[in-house]
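I have placed the structure first, in the form of structure tokens, so that the comments after it can refer back to it.
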Amino acid sequence: MDVITGKGEFVTCSKEMNSELFFGVLGGLGQFGIITRARIVLDKAPTRVKWVRLLYDDFSKFTKDQEHLISIDGLLDYVEGSLMLEQSPLNNWRSSFFSPSNQTKIGSLLSQNGIIYCLEMVKYYDDHTANNIDEELMKLVKGLKYLPGFMFKKDTTFVEFLNRVRSGELELESKGLWDVPHPWLNLFVPKSNIMQFNAAVFVDIILRQNKPTGPILVYPTSRKRWDDRMSAVIPEEKTFYIVGLLHSSKGYNECKILDDQNEEILKYCDEVGLNIKQYLPHYKTKEDWIKHFGGKWNIFQQRKNQFDPKMILSPGQRIFN
């Protein structure tokens, strides 16, 4: 990457060259410099994908299957999970997946449970691997504890899969609903606390309060995929969950309702000590930032002194002032 530091220096950095700056700006919230150029390694893209969604009414089975799938190195290309709520549309702006007949079937399941969990998995393929793709996918699905009869498959192009949100954006734009406030909340939740998080946040706060909502994502990631030298802050456990509450609001009143709900969730997590970490947080005091960075605070401060000693890049986030 090329970075202009807070000292006005133009620096090229990588894992091997000027590595302190390289890892500093990864998750550094703009506190050490401005990235002006980045070189990203490319690979040959596949042409098609097999796209599967599996439904669960048991959160424990859902999370165990997700954790199993991400532990199998190299066999799956994409694993994600999400919540489906009775008050939310089955096909949302992220993608249109379920046919009308499937929507009726799922709607009946939702009316019985109020909330169900959707595991999403994708395997890429091309002409050279097309003959074996279905067999490989069925081997991966075998043994998973999803609800019988609630596996849904789709075969599509790689580009259509990557661009799946765009069609939803265009539909919202046509209705004048895209340019609205998005009071999102993105969290990293330790694996050891995800069951409690589900009971207290998904089932109690969100489902019970029955407020308007957008897509809610929940899926695990492995700490080994992250380099601890980065400024980015993640939970200490080997496996933790990414939770995304991707709300959209139609006006000020609805936005305030969702903001209040987000604050209620954060307050609960803090009071009971769930040890969550916010992604792209906005704190109002230096003490809150120190708590957020935890064991990384000292090195974060050292990097600030090294790359932006006059705190040119500090205003706004109130991390150092």
Side-chain angles (χ1 to χ4, degrees), residues 1-41 70 73 184-194 197 217 219-244 262-263 265-267 269-321:
M1 293 184 289
D2 289 339
V3 177
I4 299 175
T5 70
K7 294 194 290 187
E9 298 172 340
F10 184 85
V11 182
T12 300
C13 56
S14 68
K15 288 183 179 180
E16 293 78 27
M17 177 175 58
N18 298 313
S19 60
E20 191 72 24
L21 180 61
F22 178 81
F23 289 109
V25 297
L26 293 175
L29 301 174
Q31 289 297 305
F32 313 122
I34 299 167
I35 302 170
T36 61
R37 186 183 68 94
R39 174 182 289 178
I40 301 172
V41 178
I70 70 165
D73 284 336
W184 289 10
L185 179 64
N186 291 285
L187 305 173
F188 297 146
V189 182
K191 173 186 171 179
S192 62
N193 293 326
I194 195 63
F197 188 93
L217 309 183
Y219 56 95
T221 184
S222 174
R223 188 179 177 87
K224 68 182 181 181
R225 301 288 183 182
W226 299 67
D227 195 306
D228 205 42
R229 292 171 289 179
M230 296 188 298
S231 293
V233 180
I234 58 176
E236 295 294 329
E237 297 182 10
K238 290 182 180 179
T239 302
F240 59 93
Y241 277 75
I242 295 172
V243 175
N262 289 342
E263 288 300 320
I265 292 169
L266 292 172
K267 182 180 179 182
C269 292
D270 185 54
E271 286 178 347
V272 301
L274 288 193
N275 298 317
I276 62 149
K277 294 294 182 183
Q278 283 193 66
Y279 172 70
L280 293 181
H282 178 70
Y283 295 112
K284 297 179 180 178
T285 69
K286 184 176 180 179
E287 289 70 28
D288 285 335
W289 283 110
I290 292 173
K291 181 180 178 182
H292 169 76
F293 282 104
K296 285 191 174 182
W297 172 252
N298 287 337
I299 192 168
F300 197 81
Q301 200 166 33
Q302 290 167 14
R303 286 170 172 170
K304 186 67 172 178
N305 294 333
Q306 182 178 354
F307 300 115
D308 186 26
K310 295 184 178 180
M311 300 192 179
I312 302 296
L313 302 171
S314 288
Q317 299 196 72
R318 302 176 183 171
I319 298 177
F320 294 99
N321 56 354

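Computed from heavy atoms alone, side chains included, the values below leave out hydrogens, waters and symmetry copies.
Under the 6.0 Å cut-off for aromatic ring centres, Tyr219 and Phe240 do not qualify, their centroids lying 6.0 Å or more apart.
With hydrogens and angles disregarded, a donor-acceptor distance shorter than 3.5 Å links the side chain of Asp308 to the backbone of Leu313. Ser231 places a side-chain N or O within 3.5 Å of a backbone atom of Gly24 that can act as its donor or acceptor partner. Looking only at distances, no side-chain donor or acceptor of Gln278 sits under 3.5 Å from a matching main-chain atom of Asn186. Side-chain atoms of Lys238 do not come within 3.5 Å of backbone N or O of Lys224 as any donor-acceptor pair. No donor-acceptor distance shorter than 3.5 angstrom exists from the side chain of Trp226 to the backbone of Thr221, with no hydrogens or angles considered. Glu9 places no side-chain N or O within 3.5 Å of a backbone atom of Ile4 that could act as its donor or acceptor partner. Not a single donor-acceptor pair under 3.5 Å links the side chain of Ser19 to the backbone N or O of Phe22. No donor-acceptor pair closer than 3.5 Å links the side chain of Lys277 to the backbone N or O of Pro190. Not one N or O on the side chain of Asp288 forms a donor-acceptor pair closer than 3.5 Å with the backbone of Tyr283.
Atom-to-atom distance recorded for Ser314:OG and Leu29:CG is 11.5 Å, nearest 0.5 angstrom. Put simply, CZ on Arg229 and NZ on Lys15 are 7.0 Å apart, with the number rounded to the nearest 0.5 Å. Distance check: Cys13 SG to Ile35 CD1 gives 7.5 Å after rounding to the nearest 0.5 Å. Asp270 CG to Glu263 CD: the interatomic distance, rounded to the nearest 0.5 Å, is 11.0 Å. Rounded to the nearest 0.5 angstrom, Met230 CE and Leu26 CG are separated by 6.5 Å. Atom CZ of Phe197 sits about 13.0 Å away from atom OG of Ser192, to the nearest 0.5 Å.
For the pair Gln301 and Phe293, the minimum side-chain heavy-atom distance is 4.5 Å or more. Counting heavy atoms from C-beta on, the side chains of Phe188 and Ile242 come closer than 4.5 Å. Using a 4.5 Å heavy-atom cutoff, the side chains of Thr36 and Phe10 are in contact.
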Exercise. Should Lys304 and Met311 be marked as a side chain to side chain contact (heavy atoms under 4.5 Å, CB included) after you check the CA-CA gap, both sets of side-chain angles, and the distance that decides it?
Worked result: CA-CA 8 Å; Lys304 186 67 172 178; Met311 300 192 179; 4.1 Å; yes
Problem set entry | side chain to side chain contact (heavy atoms under 4.5 Å, CB included) assessment of Thr5 paired with Val11 | CA-CA 7 Å; Thr5 70; Val11 182; 4.0 Å; yes
For this session: Decide side chain to side chain contact (heavy atoms under 4.5 Å, CB included) for Ile234 and Tyr279; before the verdict, give the C-alpha distance in whole Å, the side-chain angles of both, and the deciding distance to 0.1 Å.
Result: CA-CA 9 Å; Ile234 58 176; Tyr279 172 70; over 6 Å; no
For this session: Using the side chain to side chain contact (heavy atoms under 4.5 Å, CB included) rule, take Phe32 and Phe300 through it: C-alpha gap first, then chi angles, then the decisive distance, then the call.
Result: CA-CA 9 Å; Phe32 313 122; Phe300 197 81; 3.4 Å; yes
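By the side chain to side chain donor-acceptor pair (under 3.5 Å) test, Asn18 is found to be paired with no residue, residues two or more places apart in sequence or in another chain being considered.
Of the candidates Leu266, Asn262, Leu274, Leu266 is the only one forming a side chain to side chain contact (heavy atoms under 4.5 Å, CB included) with Leu187. Under the side-chain hydrogen bond (donor to acceptor under 3.5 Å, both in side chains) rule, Glu20 has a single partner from Gln306, Gln302, Arg303, which is Arg303. With Thr12 as the fixed residue, the side chain to side chain contact (heavy atoms under 4.5 Å, CB included) test singles out one of Arg39, Met17, Met1: Met17.
Annotation: Lys191, atom NZ; neighbour count of heavy atoms from other residues, nucleotides and ligands within 6.0 Å does not exceed 12. At most 12 heavy atoms of other shown residues, nucleotides or ligands fall within 6.0 angstrom of atom NZ in Lys291.
For Phe320 against Gln31, the heavy-atom pair with the smallest separation is CD1-OE1, 3.5 Å.
With respect to the salt-bridge test (charged N to carboxylate O, under 4.0 angstrom), the residues Asp228 and Arg223 qualify.
By the 30° and 60° cut-offs, the orientation of the rings of His292 relative to Trp289 is perpendicular.
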